[in-house]
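Computed from a predicted structure; not experimentally measured. Excluded from the calculations below are hydrogen atoms, water molecules and symmetry mates; all remaining heavy atoms, backbone and side chain alike, are included.
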Amino acid sequence: MPPRPVDPTFENDERLRWVQSIAHLMDSQFTLPGTRFRFGLDPILSLLPVVGNLTSMAVSGALVLTMMRHGASGSLVIRMVLNILLDTIIGAIPVLGNIFDFAYKANDRNVRLLRRHYAEGKYQGSGKGLLAVVLVFMLVIFGLLAWGLWEAVEWLWTYGGQNWW
């Protein structure tokens, strides 16, 4: 009788360990000296208006897509995407968004959700259908953000330039 396949776990899957290490880099890689407060590249990137938030959202989206390929259920993926959207939308607000980015840590939250999902034995295999839907959704959000940036620059160029001369 052939050996029974081992159910994948978070620890023995190299790609899921990669997800965890990237999430750690984005949300809690560094420690504020003299404290236990941790932060990552996400709040640092958010200091760059628009570009920083789009970059963080793209990395977070790639992490969710990887998690989807490894059996994250539809409801879990929706919770993960909501974490990313909340981080992106509130993170886009000047000053308040920067403070929020230091505290919220959407990627770490998503990894904890996936670990719990695996621990409960809810692993489902590939989520290719949902992957396509989430990818289209993320592209639409990215497109809307890019369009908003374009409109803001165009408005500044058209109306803001009148007062500069």
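No path of Ile, Leu, Val, Met, Phe, Trp and Tyr side chains, each step under 4.5 Å between heavy atoms, connects Leu47 with Val59, placing them in separate hydrophobic clusters. Both Leu41 and Phe37 belong to a common hydrophobic cluster when Ile, Leu, Val, Met, Phe, Trp and Tyr are linked at side-chain heavy-atom distances under 4.5 angstrom. Residue Leu65 is grouped with residue Leu139 when hydrophobic side chains (ILVMFWY) are merged at heavy-atom distances under 4.5 angstrom, including chains of intermediate members. Both Ile22 and Phe30 sit in one connected hydrophobic cluster of ILVMFWY residues. Membership requires side-chain heavy atoms under 4.5 Å apart, directly or through other members. Placement of Leu156 and Trp147 in two distinct hydrophobic clusters is found when ILVMFWY residues are connected by side-chain heavy-atom separations under 4.5 Å, directly or transitively.
Using a 4.5 Å cut-off on side-chain heavy atoms (C-beta onward), Gln20 and Arg115 make contact. In this structure, Phe100 and Asp87 have side chains that are in contact, with non-hydrogen atoms separated by less than 4.5 Å. Counting heavy atoms from C-beta on, the side chains of Trp18 and Leu63 come closer than 4.5 Å. For the pair Val111/His24, no side-chain contact is recorded, criterion being any heavy-atom separation below 4.5 Å from C-beta on. Looking at Leu113 and Asn83, their side chains come closer than 4.5 Å, going by heavy atoms from C-beta outward. Here the side chains of Phe39 and Asp101 are not in contact, with every heavy-atom distance at 4.5 Å or above.
Side chains of Asn107 and Ser60: a donor on one and an acceptor on the other come within 3.5 Å.
What you find for Asn53 and Thr88 is that their closest heavy atoms are ND2-O, 4.3 Å. Residues Asn110 and Met80 share a closest heavy-atom pair of OD1-CA, 3.2 Å. Taking both residues in full, the closest heavy atoms of Arg38 and Lys105 are given as O-NZ, 2.6 Å, listed atom of the first, atom of the second, then distance. Across every non-hydrogen atom of Thr31 and Thr35, the tightest pair is CG2-O, 3.3 Å. When all heavy atoms of Ile84 and Gly61 are compared, the closest pair comes out as CD1-N, 4.2 Å. Of all non-hydrogen atoms in Pro43 and Met26, the two that sit nearest each other are CD-O, 3.9 Å.
Here the CD1-CD1 distance, from Ile99 to Ile93, works out to 11.0 Å after rounding to the nearest 0.5 Å. Put simply, CE on Met57 and OG on Ser46 are 14.5 Å apart, with the number rounded to the nearest 0.5 Å. Rounding to the nearest 0.5 Å places CG of Asp42 at 11.0 Å from OG of Ser28. To the nearest 0.5 Å, atom CG of residue Leu149 and atom CG of residue Leu144 are 12.5 Å apart. Considering CD1 of Ile44 and CZ of Phe102, their distance stands at 6.5 Å, rounded to 0.5 Å.
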